[in-house]
Amino acid sequence: MRRIALITGGAGFIGSHLADRLVREGARVRVLDDFSSGTEENLEASRAQIELLKGDLCDADLVARAVAGADVVFHQAAIASVPRSVAEPALTNRVNLDGTLGLLQAARAAGVRRFVFAGSCAVYGNGEQLPKTEEMAPSPESPYALQKLAAESYCRLFAKLYGFEAVALRYFNVYGPRQNPESEYAAVLPRFVAACLAGRAPTIFGDGEQTRDFVYVGDVVEANLLAAESAKAAGAVINVAGGRRISMNELLRAIQDVAGTKLTARYEPARAGDVRHSLASLARAEALLGFRPRTSLLDGLAVTIESYRGARAS
């Protein structure tokens with residue numbers, strides 16, 4: 001009988017794309033999600049082939065059921081918001097750190113072979129050195145970043161102390177279809193796209209010269225699948241990114257070029273906890289995973305914008 005791939009947060013943006021890919025490849029897929037941000041609509045394409053468990057990541061009994069019989073765990077569930085972590089550090093710590101530790105313990109007890117954790121480039125903080133390499137000393141600037149750093153440290157310790165094959169992937173700025181632009185804490189790219197398609201002035205926090213390294217969701221899915229199988233990856237922390245940076249002002253111009261709009265941005269003060277510049281080194285990802293991003297920003301934007309147009313029309 002085929003072993004199970006468990007995806008926590010599998011009804012969310014990245015998790016649902018991962019679920020679709022695994023189903024297409026013939027895996028048995030189980031999803032654990034509390035639907036605080038994910039939706040069943042995200043799983044529509046593969047729902048008939050997915051075992052869905054609804055509930056809290058911090059529910060120990062439910063988590064034990066979720067990991068039972070699993071070969072690999074893809075841990076995508078999180079409250080993935082710097083501003084919300086600043087506003088609610090205890091709540092976000094419960095999910096992002098306590099939830100991860102509980103899941104690690106349950107997965108190890110259940111005999112899970114490989115645990116792939118969705119970490120964050122936020123752990124690097126505001127240091128001036130670019131590109132960001134995994135050997136750099138972390139400098140978290142927000143509770144969210146600190147929680148992600150502590151969680152990936154638990155992954156490394158479980159690998160070292162128990163021989164448990166945990167891998168931490170440090171995501172940079174992931175974008176693509178199904179990313180929610182409506183949340184108060186929405187990521188910048190879907191907010192820009194939604195504003196442009198609605199004819200509203202996009203909001204830029206700060207002067208717009210801050211830079212980010214964007215990576216298409218399909219490339220992130222590929223990195224997860226490679227991390228689940230690579231013999232070299234166990235115990236490692238690995239950047240997952242596009243490998244180039246772009247300013248917010250340039251990003252908005254690129255989105256408007258693809259979308260065919262022309263709007264003037266509204267500038268507001270920079271937000272607490274946001275980093276100034278971000279760019280990943282992908283040397284370790286290529287060496288340990290054989291990972292290279294395949295999707296250019298313009299190609300990814302074209303697919304993303306078309307998906308938002310389709311959602312608005314339906």
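Between the side chains of Q49 and S46, no donor-acceptor pair is found at a separation under 3.5 Å. Between the side chains of T92 and R84, no donor-acceptor pair of N or O atoms lies under 3.5 Å.
Surrounding OH of Y267 are more than 12 heavy atoms belonging to other residues, nucleotides or ligands, all under 6.0 Å away. Residue-environment remark: CZ (R276) exceeds the threshold of 12 foreign heavy atoms within 6.0 Å. Crowding of E44 atom CD: a count of heavy atoms from other residues, nucleotides or ligands under 6.0 Å not exceeding 12.
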Begin from the C-alpha positions of V72 and E165 and carry the test side-chain contact (heavy atoms from CB on, under 4.5 Å) through to its verdict. CA-CA 10 Å; V72 59; E165 295 187 4; over 6 Å; no
Trace of the side-chain contact (heavy atoms from CB on, under 4.5 Å) decision for L22 with L225: CA-CA 9 Å; L22 286 165; L225 298 185; 3.5 Å; yes
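Note on ring orientation: taking the six-membered ring where Trp is involved, the planes of H75 and F117 are tilted (angle from 30° to 60°). Taking the six-membered ring for Trp and thresholds of 30 and 60 degrees, Y124 and F172 have ring planes inclined between 30 and 60 degrees apart.
V215 and G242 make their closest contact through CB-N, 3.5 Å (heavy atoms, listed as atom of the first residue, atom of the second, distance). Heavy-atom minimum distance, A106 versus V63: CB-CG1, 3.6 Å. Residues L251 and L189 share a closest heavy-atom pair of CD1-CD1, 4.0 Å. The two residues F164 and R108 have their closest heavy-atom pair at CE1-CA, 3.7 Å. Taking both residues in full, the closest heavy atoms of H277 and K132 are given as O-CE, 4.1 Å, listed atom of the first, atom of the second, then distance.
The pair R284-E135 meets the salt-bridge criterion, since a charged nitrogen lies less than 4.0 angstrom from a carboxylate oxygen. Remark: K148 does not engage E152 in a salt bridge, criterion side-chain N to carboxylate O under 4.0 Å. Looking at R113 and D71, a side-chain N of the basic residue comes within less than 4.0 Å of a carboxylate O on the acidic one, giving a salt bridge. A salt bridge does not link R294 to E222: none of the charged side-chain nitrogens sits closer than 4.0 Å to a carboxylate oxygen. The pair D20-R47 does not count as a salt bridge, with every side-chain nitrogen at least 4.0 angstrom from each carboxylate oxygen. Under 4.0 Å is where a charged nitrogen must lie from a carboxylate oxygen, and between D59 and R65 no such pair does.
Separating the CZ atom in R212 from the OG atom in S278 is a distance of 6.5 Å, to the nearest 0.5 Å.
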